[in-house]
Each structure stands twice: as C-alpha cells, then as structure tokens.
Amino acid sequence: KGIITANKFKSSNYIEILNEVLPELRTSRPNELSSKNVPGLKLLVRLDDEQTPGFLNFKELFDMPGADDFRKLGAIENSLSPEDAANIQFTSGTTGNPKGATLSHINILNNGDGLARRIGYSDKDSIALAVPLYHCFGMVMGNLAALTSGAAICYPSEGFNPKAALDAVQRYKLTTLYGVPTMFIEYLKEKEASGQDTSSLRKGVIAGALAPRTLMEAIMPKLGITDMSNAYGMTETSPVTVMSHPSDTFERKVSTVGNVMDHVEIKIADSEGRAVPYDTP
C-alpha cells in the first residue's frame, strides 16, 4: 500500500521511475494516489526534504498521528501473532531469479537475538555496518542483533565504501566490522593503503559466501579482530543457521562455519532425502 524511497542512488533515479509507472502522481495529492497500473498503492514517501507532487516527505510522517491513530495501533498490536508475516525478502540465491522469501516476526527477531548472543554483544559494542539493509545481513544480523542487545550501529556510507568504513572505525572507536569475503579483501587493501587505526576492533562477522582460509588468516592479525565469526545461512532461514563461537580455536574458525544456532535443527541429506554419515560430501 505504500512505498518509502530515496530520491536516487548511483545510476537509479527512483522518483523518475515511479513517475513513469504512475503517471497520475503528478496530479495526485499526497496519500491519495489513485493509479490504474497499481490500484492498491496509496502512499508514497521520499526520504529527503525536496517537494515532489504526490509524495509526502519522511519527516511529515512524525506530525501525522493523533490519539485515535495510537488507539488503532494498540488494537492492531493486540491482534498480531509472532508467526505473522513481517517482511518479504527478495533473494536470487543460486538460480538468478528473484524469489520473495516471506519471514515472520519470530523468524527475524529471534535470528538477530541468537546472533547477538552467539557473538556476545552488549551495550559496550558498536558495529560498522557496511552491508546493505535490504539484505538479511544488514537487516537481521546487523539492525536486529543490535536492537536486541543494546549495541550501537554506525552506517559509514550510502553504499559500500571500504575507506568510509575504516575511517568510521578509527573515528568512533567501533568494535565490530561486518562484510562478505570480497568486502573484507577491500578492507585489507584499504588498511594497507591508508593505515587507519583499527585497534578498537574486537569482533567481526563474515558471511554471504565461503570465506577462504587464507583470507580468514589475514583478517585477524591485520585488522586486529580477535573474535572473528564465520556464519552460514539462507534468506529463507532468516538467515543464520550455523555460526562459529568467539571461543572456538583459530583452526575451527578458519576451517568451518561453526555450530548450529539455538532453536535450529539441521540434517545433511543425500539426493533422496536420507541423512548421511559424518564427513560425507
């Protein structure tokens, strides 16, 4: 029913795209869109302060609710179940075709909480979050892990920028760094080129693809991360299913993706669905 969007990012101009798809926007009042192409869509919000026909500005949302709205919100909250759908997360996975994985409140909130517990987050931690927020890595493993543990989050830049990330670590004395393997390769290149002080880092999370042993061996001494956690999961599992422990040996951290998470069951099966013995590829 609603779209909240930035004006543009890199080569994508979202306002222009929406005006092409919704020609009625140019003559529509905010929150009163009536579109032939997308009849269910009523509300469009842009994040910045520039005025656009048919759009509300994000800051206006804070001025709209009245006492009656909060009463309605309370009634809706009382009707919700933790099992209700909370988020549709699009993932291409191994097929290349986007699929909408529908995740519930209990899926994503507990996954973030489980990761925070596994890493040992507290209000003494602060995370340099340079991964996208439209992906489970940023949304669940970042935002919800911090929300459930009291950790702070720093968003260094609109898109991935290794220099901005390490500059933020140095400036704000951040304790934790996130990334997929290719991002950590860029962090290492940036650290070698610019020499930022990353001595405040203690924790790190690497996920999204298989982390080569040589990369894991370089991250810990060169970035100063002593508690590096390797995680594996899928968007459909909201996302983390297995993850290393901070207390694991160096060998286990560089050669495995850890142990199963709390409240998760795993079966390694063959093509017929039969459980296979340990160490079976």
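Just the heavy atoms: all of them, side chains too, but no hydrogens, waters or symmetry mates, feed the values below.
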Please work out which of the three classes, parallel, tilted or perpendicular, describes the rings of Tyr187 and Phe160, given edges at 30° and 60°.
perpendicular

Before you tell me yes or no, could you show the steps for Asn87 and Asn107 under side chain to side chain contact (heavy atoms under 4.5 Å, CB included), namely the whole-Å CA-CA distance, both residues' side-chain angles and the distance that decides it to 0.1 Å?
CA-CA 10 Å; Asn87 176 276; Asn107 284 157; over 6 Å; no

Applying salt bridge (Lys or Arg N to Asp or Glu O under 4.0 Å) to Asp270 and not counting sequence neighbours gives Arg274

So, the side chain of Asp123 versus the backbone of Gly150: is there a donor-acceptor pair under 3.5 Å, distance only?
no

Got a donor-acceptor contact below 3.5 angstrom from the Ser122 side chain to the Lys124 backbone?
yes

Under a 3.5 Å distance rule, please check whether Ser157 uses its side chain to pair with a backbone N or O of Gly159 as donor and acceptor.
yes

What are the two closest heavy atoms between His105 and Ala85, and how far apart are they?
NE2-O, 4.1 Å

Taking atom CG of Leu44 and atom CD of Glu32, what is their separation to the nearest 0.5 Å?
12.5 Å

Enumerate the residue pairs fulfilling side-chain hydrogen bond (donor to acceptor under 3.5 Å, both in side chains) with a member in residues 17-27, sequence neighbours excluded, ordered by first and then second residue.
none

Run the salt bridge (Lys or Arg N to Asp or Glu O under 4.0 Å) test against Glu192 and tell me which residues pass, sequence neighbours left out.
none

Quick test of your reading: applying side-chain hydrogen bond (donor to acceptor under 3.5 Å, both in side chains), list the pairs with at least one residue in residues 237-247, sequence neighbours left out, ordered by first then second residue.
none

Can you measure from CG (Asn7) to OG1 (Thr52) and round to the nearest 0.5 angstrom?
7.0 Å

Keeping to residues at least two apart or across chains, list the salt bridge (charged side-chain N to carboxylate O under 4.0 Å, His left out) pairs with something in residues 176-191.
Glu186-Lys189

Is the side chain of Arg118 donor-acceptor paired with the backbone N or O of Met243 at a distance under 3.5 Å, no angle test?
yes

Asn111 side chain vs Val240 backbone, donor-acceptor pair below 3.5 Å:
yes

The reported gap from CG in Asp84 to OG1 in Thr102 (rounded to nearest 0.5 angstrom) is 12.0 Å

List for me each residue that meets salt bridge (Lys or Arg N to Asp or Glu O under 4.0 Å) alongside Asp125, sequence neighbours excluded, and say none if there are none.
Arg202, Lys203

For Leu109, is there any backbone N or O sitting under 3.5 Å from a side-chain donor or acceptor partner on Asp113?
no

How about Pro239 and Phe137: do any of their side-chain heavy atoms sit closer than 4.5 Å?
no

Under a 4.0 Å N-O cut-off, is there an ion pair linking Glu217 with Lys222?
no

Quick one: which residue pairs count as a salt bridge (charged side-chain N to carboxylate O under 4.0 Å, His left out) with a foot in residues 139-152, not counting sequence neighbours?
none

Has Asn230 got a side-chain atom pairing as donor or acceptor with Thr256's backbone, closer than 3.5 angstrom?
yes

Taking Gln170 for its side chain and Ser199 for its backbone only, find out whether a donor-acceptor pair lies under 3.5 Å.
no

Please check this pair: side chain of Tyr172 against backbone of Ser126, looking for a donor-acceptor N/O pair closer than 3.5 Å.
no

Who are the salt bridge (Lys or Arg N to Asp or Glu O under 4.0 Å) partners of Lys42, not counting sequence neighbours?
none

Return the set of residues passing ring pair (Phe, Tyr, Trp, His ring centres under 6.0 Å) with Phe55 (not counting sequence neighbours), or none when no residue passes.
none

Running the 4.5 Å side-chain criterion over Ile, Leu, Val, Met, Phe, Trp and Tyr, what cluster does Phe58 land in, apart from itself?
Ile4, Leu43, Val45, Leu47, Leu56, Leu61, Phe62, Met64

Going by ring pair (Phe, Tyr, Trp, His ring centres under 6.0 Å), name the residues that satisfy it together with Phe9, two or more places apart in sequence or in a different chain.
none

Please list, chain by chain and in numerical order, all residues satisfying ring pair (Phe, Tyr, Trp, His ring centres under 6.0 Å) with Tyr121, sequence neighbours excluded.
none

So, taking the atom named CE in Met183 and the one named CG in Leu177, what distance separates them when rounded to the nearest 0.5 Å?
8.0 Å

